There are 2 protein chains.
Amino acid sequence: MPIEMPIGPALPALVVDRSSPVPLYFQLAQHLERAIDQGQLPPDTMLANEIQLAGQLGLSRPTVRRAMQYLVDKGLLVRRRGVGTRVVQPRVRRPLQLTSLHDDLLAGGRLPRTRVLSNVVEPAKPDIAQVLALPSGTPVISLVRLRSADGRPIARLTNHLLGDLPDARSLTTQALEQHGLYALLRAAGVVLHAAHQSIGARPATLAEARLLDETKGAALLTMSRLTFDERGRAVEYGTHVYVASRYSFELSLLNG
Amino acid sequence: MPIEMPIGPALPALVVDRSSPVPLYFQLAQHLERAIDQGQLPPDTMLANEIQLAGQLGLSRPTVRRAMQYLVDKGLLVRRRGVGTRVVQPRVRRPLQLTSLHDDLLAGGRLPRTRVLSNVVEPAKPDIAQVLALPSGTPVISLVRLRSADGRPIARLTNHLLGDLPDARSLTTQALEQHGLYALLRAAGVVLHAAHQSIGARPATLAEARLLDETKGAALLTMSRLTFDERGRAVEYGTHVYVASRYSFELSLLNG
DNA sequence: TAGTGGTCTAGACCACCGA
DNA sequence: CGGTGGTCTAGACCACTAA
């Protein structure tokens, strides 16, 4: 059986800051998450029960429950009625925001470089207008970028964005060559809430092969993504191709 | 502005069943979800506020809040402090369980067929043992299936499962030709909790081309998936190849 | 049987939004 | 300013698990 000592006092004392604007449940959740990350709560550790924890921390039981539920959703804890709460083994976290190739490469310790091949505002072509649910001819930002890592091309990224975004100005070619598109959008206050993705594959055309430093017919991964803001409005549509020999998609899934 | 009439009385009356084992918050959530699905609460509709709703339904405010939070997580509602709760536009739902090719094909209105090419229990080869975190040589179930839809091959599915699953018996060749693997596992009480996936692409070998009714060098999608149960134990490892000309992965993502 | 998490209640105060 | 959702509390009862 995966039994371990119950825990509570062994944790570094948490002093909740009731004057902070950060919610108490979130302070507790961060505290536990840090303890798990740093190995103070190794996998399979049983946590003290809610009542004890609440008493030790000077919080109410619902507040403690909320912190725990947050970590369960994130994949760090498992709870079973009649049994208790345990720290989970391998660590499959629900990603907190939409993945970005730029950030993924950075996180993987690779050095991403971006060359902007095209950056214009133009009337939406009929197919793009339809996907974004716009009247045909509405101005949209059209973007083509070549993304490389460690000196070799990885992907050609094609994006179409709503022209009336509050931040259209900030998408300069220079900014785009130094940051990921999603990071720029977030920094400008655009909240990306949900997305539809479709991932496929096909052989490279001659032009693609040349651009991507591959041979004609090499396998390319294709990904198209339609992104929505919190109002459910389509904000961005991207159609990208990736060099399959140098890139693959890594995903983590959690059951609800 | 996306304004609509406040709602509440216009809903078909909900009678909560306090004797049911189904939690009250969930009864309410299902009721609202059905109303949204059936168009009684069209997109952009403002809901009545929590206090009113609680009063009308004879529930407490926390219970109503919990139902709403559930629907927010599912992508059906959007809430803003000081403003209210609105039904969301397009409908990007968080999938409720790990996707299964068999079920995806069924849901897409296609007719999946499965041929079991191999179904044996054997000592784990070193690479498989390492991925599943088992001692080398531990018995594992090895499975190879050919999945077709509408009469044409779609994918070759290769799986390795822990040999000591409670349901190893139920994975008969006959059962596997009629149901998806995940459905069989769930039916046998195995709770799949999380997974790591990696999606890539490569050209088909000659043998793969023959099996999959394609030409050598055709683009194949590859997907490997390591699945964990609720204890965080690796339970299943699959390495699959899909005919890219007839299949693509569709995903929905929600920000946390 | 004792202990756990799951659900539910009736209050309270606050931060934020729009008029 | 009034109204909204966000947070927090201190109880209560229940279903499930394990010994």
Side-chain angles (χ1 to χ4, degrees), chain A residues 1-8 14 16-30 32 45-73 77-88 189 191 230-231 256, chain B residues 1-4 6-8 16-30 32 45-73 77-88 189 191 230-231 256:
Chain A
M1 303 288 289
I3 310 179
E4 298 253 339
M5 308 257 326
I7 279 273
L14 167 61
V16 298
D17 177 0
R18 301 192 97 93
S19 71
S20 161
V22 178
L24 300 182
Y25 81 89
F26 196 72
Q27 292 184 38
L28 173 55
Q30 284 186 313
L32 290 173
T45 308
M46 282 297 246
L47 261 55
N49 71 49
E50 298 171 346
I51 315 277
Q52 286 179 27
L53 226 41
Q56 291 172 24
L57 299 169
L59 297 173
S60 70
R61 187 183 165 206
T63 301
V64 171
R65 275 187 67 75
R66 187 159 177 189
M68 297 210 158
Q69 192 53 54
Y70 174 85
L71 294 175
V72 169
D73 290 343
L77 297 179
V78 175
R79 323 193 71 189
R80 292 214 294 175
R81 175 164 21 187
V83 180
T85 303
R86 225 180 27 257
V87 177
V88 134
V191 179
E230 51 183 355
R231 288 185 168 75
Chain B
M1 306 289 290
I3 311 179
E4 298 254 340
I7 278 273
V16 297
D17 178 359
R18 301 192 96 92
S19 72
S20 160
V22 179
L24 301 183
Y25 81 89
F26 196 73
Q27 293 184 37
L28 173 54
Q30 284 186 314
L32 289 173
T45 307
M46 282 299 251
L47 261 56
N49 71 49
E50 299 170 344
I51 313 278
Q52 287 180 27
L53 226 42
Q56 291 172 25
L57 300 169
L59 297 172
S60 70
R61 187 183 163 204
T63 301
V64 172
R65 274 187 68 75
R66 185 160 179 188
M68 297 208 160
Q69 192 53 53
Y70 175 84
L71 295 176
V72 168
D73 289 343
L77 297 180
V78 175
R79 324 194 69 189
R80 293 212 297 178
R81 171 155 37 174
V83 179
T85 303
R86 226 182 24 258
V87 177
V88 133
V191 179
E230 50 182 357
R231 287 185 168 74

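In what follows, every chain begins at residue 1, and chains take the letters A, B, ... in the order their sequences are listed. Note that these values count all heavy atoms, side chains included, but never hydrogens, waters or copies made by symmetry. Nothing here was measured: the structure is a model prediction, and the numbers come from that model.
- Partners of A/Arg61 by salt bridge (Lys or Arg N to Asp or Glu O under 4.0 Å), not counting sequence neighbours, listed by chain and number: A/Glu50.
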Side-chain atoms of residues 19-26 of chain B: list all donor-acceptor pairs with protein atoms under 3.5 Å, sequence neighbours left out, distances to 0.1 Å.
unit_1: B/Ser19; atom_1: OG; unit_2: B/Asp17; atom_2: OD1; d: 2.8
unit_1: B/Ser20; atom_1: OG; unit_2: B/Val22; atom_2: N; d: 2.8

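- Partners of B/Ala29 under the side-chain contact (heavy atoms from CB on, under 4.5 Å) rule, at least two apart in sequence or in another chain, are B/Ala67, B/Tyr70, B/Leu71.
- Scanning for side-chain hydrogen bond (donor to acceptor under 3.5 Å, both in side chains) contacts around A/Gln69 gives A/Asp73, with sequence neighbours left out.
- As rounded to whole Å, 13 Å separates atom C1' of D/dG5 from atom CG of B/Leu77.
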Which letters describe nucleotides 3-8 of chain C, given B = protein heavy atom under 4.0 Å from base, S = only from sugar-phosphate, - = neither?
BBBBBS
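- In this view, A/Ser60 and A/Pro62, A/Thr63 satisfy the side-chain contact (heavy atoms from CB on, under 4.5 Å) rule, not counting sequence neighbours.
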